[in-house]
There are 2 protein chains.
Amino acid sequence: MHSLTDRQRQILDWIRRETEANGRPPTRAEMATALGFRSVNAAEDHLRALARKGAIRLIPGSARGIQLKDGPPEDAGLWVVGRVAAGQPVLAREHLTVRHAIDPRTFRPAADYLLTVIGESMRDAGLLDGDLLAVHKSPEAREGQIVVARLGEEVTVKRFSRRQGAIWLLPENPAYQPIIVRPGEDLVIEGVGVGVVRLEV
Amino acid sequence: MHSLTDRQRQILDWIRRETEANGRPPTRAEMATALGFRSVNAAEDHLRALARKGAIRLIPGSARGIQLKDGPPEDAGLWVVGRVAAGQPVLAREHLTVRHAIDPRTFRPAADYLLTVIGESMRDAGLLDGDLLAVHKSPEAREGQIVVARLGEEVTVKRFSRRQGAIWLLPENPAYQPIIVRPGEDLVIEGVGVGVVRLEV
DNA sequence: TCTCATACTGTATATATATACAGTATGCAT
DNA sequence: ATGCATACTGTATATATATACAGTATGAGA
């Protein structure tokens, strides 16, 4: 599939939501109204582009003839990433242990994998030992986000903060100490937490 | 909902399959062709009957304007149950708000629905305000399980315990008091917690 | 510099589609 | 005995809808 433009992805997402909500795809006129086009042909053009790039299929001469290509792919779901050795990509096949049938788009932004939380350092954020953290892959993080960070050999889940020219990885448990990472130290942000799944209560 | 005739249920099932397969509801003409009517009006008549009996909703003047009232809930995903009025079954259609594409069997035993946790009374069990508790329907609970209990008008999530001939509903937060339910009081166990889904961290 | 894709406005039209109206036949309830 | 719902056939039509055609403006690539 060719890569979509921002606008096209925006419109594809809208079509997906609309189809889900109404149980049927929109018409060109409905698209124009909702998306703010003054011409129905703008909708037609976008549909053509999306079809050409393989994101949808158009059924000619048929009302609401828009088929979304990626419905529920059978390989959908989220993998639980196991022990990750240093320097290796988190999502390498050999680290994937169990797959759970959970749509990645349940979370915003969409989750890429699940990571088992070990220890009690994030207890007060409601992240208990054994919880599965839904992680969105991202090389950077914003203030206050829960991140999956790699420090040399170690992979850890902490809250992200910038203070006094350093990066602070804050636990959410008074029994634990913050980790202060000074510039130049070997810190890699693997992703940000977007949700939690707990399989026992 | 009035009871459907055999023929009407047959046709409703066909519409459901067709909608699922094509991603959109059929037209009257498509129904006539597939179901062997020589007149499109036969389809129209059936749709009117199904709408009158509440099985579907028809959107006037709109192409493929057939909305299925009851999507198959067990089919895929878990519903988030909204506010439940007293004396009404939790899983009544009108209480279902949002569906998440999570396989119920991700949890053991399988979850039947998701319930939004309100308040901080179970904070120390890692259940925060807004969390979705995966619930397995069950009229009874074992010692120490997290239960969804109904006390008259109120639906509450607590830890279940039997003590001194009464049932104790224990919070997991020192700021809250246990609820003690003596025999004869109006307590209904709706189900037991089997997991948690959190959509924000 | 020219071309091409993107992202639209604006107008027009063939046809896909919903839907009304007029029937026929059957069975069920009152 | 008569009305009413079911389950259709057959015809007709207003309009919802897809889609062509003619433009404008912008930015990226060759």
Side-chain angles (χ1 to χ4, degrees), chain A residues 1-70, chain B residues 1-70:
Chain A
M1 190 196 297
H2 291 80
S3 61
L4 303 180
T5 66
D6 285 354
R7 187 66 174 139
Q8 285 167 357
R9 178 150 297 284
Q10 217 174 77
I11 287 167
L12 179 60
D13 284 347
W14 180 86
I15 295 172
R16 221 193 297 276
R17 283 198 305 277
E18 196 68 6
T19 305
E20 179 78 21
N22 300 332
R24 57 185 190 156
T27 66
R28 273 66 166 169
E30 286 168 2
M31 289 180 63
T33 304
L35 295 166
F37 305 145
R38 305 181 62 170
S39 167
V40 292
N41 196 48
E44 181 71 22
D45 279 357
H46 273 295
L47 289 175
R48 293 293 174 87
L50 288 170
R52 184 162 37 78
K53 292 182 174 181
I56 62 172
R57 205 168 76 82
L58 290 176
I59 300 156
S62 178
R64 302 174 187 275
I66 303 170
Q67 278 186 349
L68 295 161
K69 273 284 180 67
D70 61 335
Chain B
M1 188 197 297
H2 292 80
S3 60
L4 302 179
T5 66
D6 286 352
R7 186 66 173 141
Q8 285 167 356
R9 179 149 297 283
Q10 218 173 76
I11 286 168
L12 179 61
D13 285 347
W14 180 86
I15 295 172
R16 221 194 294 275
R17 281 197 307 276
E18 197 69 6
T19 304
E20 181 79 22
N22 300 332
R24 57 185 191 160
T27 66
R28 274 67 164 169
E30 286 167 3
M31 289 181 64
T33 305
L35 295 165
F37 306 145
R38 306 183 60 172
S39 167
V40 293
N41 196 48
E44 180 72 21
D45 279 357
H46 274 293
L47 290 175
R48 294 292 176 88
L50 288 170
R52 183 162 38 75
K53 291 181 174 181
I56 62 173
R57 203 169 77 83
L58 290 176
I59 299 156
S62 179
R64 303 176 187 275
I66 303 169
Q67 278 186 349
L68 295 161
K69 276 281 182 71
D70 58 337

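Any value given below was found using the heavy atoms of this structure, including those in side chains, with hydrogens, waters and symmetry copies removed. Just so it is clear, the structure is predicted and the values come from calculations on it, not from any experiment. Below, read A as the first sequence line, B as the second, and so on, with proteins coming before strands; counting in each chain starts at 1.
In terms of the salt bridge (charged side-chain N to carboxylate O under 4.0 Å, His left out) criterion, B:Arg7 has no residue partners (sequence neighbours excluded). Every side chain to side chain contact (heavy atoms under 4.5 Å, CB included) that B:Asp13 has, sequence neighbours left out, goes to B:Arg9, B:Arg16, B:Arg17. Residues meeting the side chain to side chain donor-acceptor pair (under 3.5 Å) test with B:Arg64, sequence neighbours left out: A:Ser62, B:Glu30. Residues forming a side chain to side chain contact (heavy atoms under 4.5 Å, CB included) with B:Thr19 (at least two apart in sequence, or on another chain): B:Ile15, B:Pro25, B:Pro26, B:Leu68.
Expressed to the nearest 0.5 Å, how far CD1 of A:Ile56 lies from CD of A:Gln67 amounts to 10.0 Å. Residue A:His46 holds its NE2 atom at 7.5 Å from CE of A:Met31, rounded to the nearest 0.5 Å. To the nearest 0.5 Å, atoms CG (A:Leu58) and CG (A:Leu50) are separated by 8.5 Å. Rounding to the nearest 0.5 Å gives a distance of 11.5 Å between CZ of A:Arg24 and CD1 of A:Ile66.
When the nearest nucleotides of DNA chain C are assigned to B:Glu44 and A:Asp45 by heavy-atom distance, the more 5′-ward of the two goes with A:Asp45.
Protein chain A touches strand DNA chain C; the 5'-most and 3'-most nucleotides with an atom under 4.0 angstrom of its non-hydrogen atoms are C:dT6 to C:dT17.
B:Leu50 places its CG atom 14 Å from the C1' atom of D:dA5, with the value rounded to the nearest Å.
Only A:Val40, A:Asn41, listed by number, bring a heavy atom of residues 30-43 of chain A to less than 4.0 angstrom from any atom of DNA chain D. For DNA chain D, the residues of residues 57-66 of chain B within the heavy-atom distance limit of 4.0 Å (strictly under) are B:Gly61, B:Ser62, B:Ala63, sorted by number.
Side-chain N/O atoms of A:Asp6 and A:Gln10 include no donor and acceptor closer than 3.5 Å.
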Test log, rule side chain to side chain contact (heavy atoms under 4.5 Å, CB included), inputs B:Gln8 and B:Thr5: CA-CA 5 Å; B:Gln8 285 167 356; B:Thr5 66; 3.2 Å; yes
Determine, stepwise, if the pair A:Arg52 / A:Leu47 fulfils side chain to side chain contact (heavy atoms under 4.5 Å, CB included). CA-CA 8 Å; A:Arg52 184 162 37 78; A:Leu47 289 175; over 6 Å; no
Tell me which donor-acceptor pairs under 3.5 Å the side chains of residues 32-41 of chain B have, and how far apart each pair is, sequence neighbours excluded?
| residue | atom | partner | partner atom | Å |
| --- | --- | --- | --- | --- |
| B:Thr33 | OG1 | B:Ala29 | O | 3.0 |
| B:Ser39 | OG | B:Asn41 | N | 3.0 |

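Taking five base pairs at each end of the helix from C:dT1-D:dA30 to C:dT30-D:dA1, the local helix axes there meet at an angle of 20°, rounded to 10°.
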